[in-house]
Amino acid sequence: MQAVATPVARPGLAARLFARVLPWASLPLLVLAWTIAASRVPSYVLPQPWEVLGEGLRWLKDGSLLSNLGHSLLREFMGFGLAAVLALLLGVGLGLSARLRSFMSPLNSLFMAIPPIAWTPLMMIFLGLGNASIVAVIVLAAMFPMALTIQDGVQSIQGGLVRAARTLGAGRAQLLRHVYLPACLPCVTAALRIGFSQAWRALVAAEMIGASQGIGWMVSTGGQIGNSSQVLLGICLIGLIAWLTERLVFRRLEAHYTHWLGQS
């Protein structure tokens, strides 16, 4: 008896439009709530959105906005890139070696528990004010969360796949290159996503304490001089960059590797 395929109903035009609009609906609602709240308090406490936009245009016109943004992005990519390389090496090692996991267990717990901002004064004493200390804080903040995520990915690989490769004569280096790393790609992507978020937060915190340029410095100095428009401009930039990175980079990477997870 032959099974009859049931046609799948296609969503209507209204449903498809609703699905496209829904992810963006919260942003105008946020701006509306901001506008209403700002109308009830003095502008030096909470400026209107267009006042923050005007502040941004002034910073953009004199070149300060791009300069500060460039300094922050350079520090972020330097710290995050170094943390990613170290986390990949450490995470794979932890996943493959039970002895290394046992040795590193208390250190992992220790470094995971310390907030990044707590490292900032110490790094500035050791490395001085500037990029070196901020990059060091970013590495400390991002490396261990990424390493532990990669460790979980390595440990989750099914033993049958590894045994089959060994039966075919694969050595340790070949196993690492052709079995462990491809199978861990989704977890590596997830680790990078977590690490970038941790690195971005650490960057802003470190710049607020010990930088003379950058988005965190914009927020900090704006608060010191009572310029709430400058503070909110920095906050909006922080959120916008994180949101763009999430949507344009990490979501696409995760979608590319869904087949490794057995998802459709």
Note to self: In the structure I gave you, are the side-chain heavy atoms of Arg99 and Phe103 within less than 4.5 Å of one another anywhere?
What the structure shows: no
Next item on the list: Only counting residues at least two apart or in another chain, list the ones meeting side chain to side chain donor-acceptor pair (under 3.5 Å) with Ser212.
Entry: none
Notebook entry, point to check: Is there a side-chain contact between Ile209 and Met124, using heavy atoms and a 4.5 Å cut-off?
Noted result: yes
Check: Mind checking whether Arg201 and Pro116 have side chains closer than 4.5 Å, heavy atoms only?
Finding: no
Margin query: As a quick check of understanding, evaluate ring pair (Phe, Tyr, Trp, His ring centres under 6.0 Å) for Phe111 and Trp119, giving each step before the final call.
Written below: CA-CA 10 Å; Phe111 281 94; Trp119 292 108; 5.6 Å; yes
Next item on the list: Can you measure from CG (Leu89) to CD1 (Ile150) and round to the nearest 0.5 angstrom?
Entry: 9.0 Å
Next item on the list: Apply the test side chain to side chain contact (heavy atoms under 4.5 Å, CB included) to residues Thr35 and Ser39: give CA-CA distance (whole Å), side-chain angles for both, the deciding distance (0.1 Å), then the verdict.
Entry: CA-CA 6 Å; Thr35 303; Ser39 66; 5.8 Å; no
Checklist line | Student check: side-chain heavy atoms of Trp200 and Glu76 closer than 4.5 Å | finding: yes
Check: Would Val204 and Trp217 satisfy side chain to side chain contact (heavy atoms under 4.5 Å, CB included), going step by step from the backbone distance to the final call?
Finding: CA-CA 8 Å; Val204 173; Trp217 172 84; over 6 Å; no
Notebook entry, point to check: If you round to the nearest 0.5 Å, how far is OG1 of Thr149 from CE of Met146?
Noted result: 9.0 Å
Checklist line | Met218 and Leu237: CA distance, side-chain angles, deciding distance, side chain to side chain contact (heavy atoms under 4.5 Å, CB included) verdict | finding: CA-CA 10 Å; Met218 288 173 57; Leu237 286 173; 4.3 Å; yes
Item checked: Euclidean distance, Leu90 CG relative to Leu148 CG, rounded to 0.5 Å -> 7.5 Å
Note to self: Between Leu66 and Trp59, is the side chain to side chain contact (heavy atoms under 4.5 Å, CB included) condition met? List the steps.
What the structure shows: CA-CA 8 Å; Leu66 294 180; Trp59 280 69; over 6 Å; no
Checklist line | Test item: Ser64 and Asn68 side chains (from C-beta on) under 4.5 Å apart, heavy atoms | finding: yes
Notebook entry, point to check: Would a distance-only check, ignoring hydrogens and angles, find a side-chain to backbone donor-acceptor pair under 3.5 Å from Arg75 to Ile134?
Noted result: no
Notebook entry, point to check: CG/Leu192 to SG/Cys187 distance, rounded to the nearest 0.5 angstrom?
Noted result: 11.0 Å
Next item on the list: Using a 4.5 Å cut-off on heavy atoms from C-beta on, say whether the side chain of Leu232 contacts that of Pro47.
Entry: yes
Notebook entry, point to check: Under a 4.5 Å cut-off applied to non-hydrogen side-chain atoms, are Gln213 and Ser67 in contact?
Noted result: yes
Notebook entry, point to check: Measuring from Phe144:CZ to Leu94:CG, what's the distance to the nearest 0.5 Å?
Noted result: 9.5 Å
Notebook entry, point to check: Do the ring planes of Phe196 and Phe77 sit parallel (below 30°), tilted (30 to 60°) or perpendicular (above 60°)?
Noted result: tilted
Margin query: Quick check for you: to the nearest 0.5 Å, what is the distance between Ile235 atom CD1 and Leu240 atom CG?
Written below: 13.5 Å
Notebook entry, point to check: With hydrophobic residues grouped by side-chain heavy-atom distances under 4.5 Å, do Leu107 and Val137 end up in a single group?
Noted result: yes
Checklist line | Exam field: side chain Ser72 to backbone Ile215, donor-acceptor pair closer than 3.5 Å | finding: yes
Note to self: Testing the 3.5 Å rule here: is there a donor-acceptor pair between the side chains of Glu207 and Ser220?
What the structure shows: no
Notebook entry, point to check: Within the distance-only criterion (no hydrogens, no angle test), does the side chain of Ser228 pair as donor or acceptor with the backbone N or O of Tyr44 below 3.5 angstrom?
Noted result: yes
Check: Looking at side-chain heavy atoms only, is the closest gap between Thr221 and Asn227 below 4.5 Å?
Finding: no
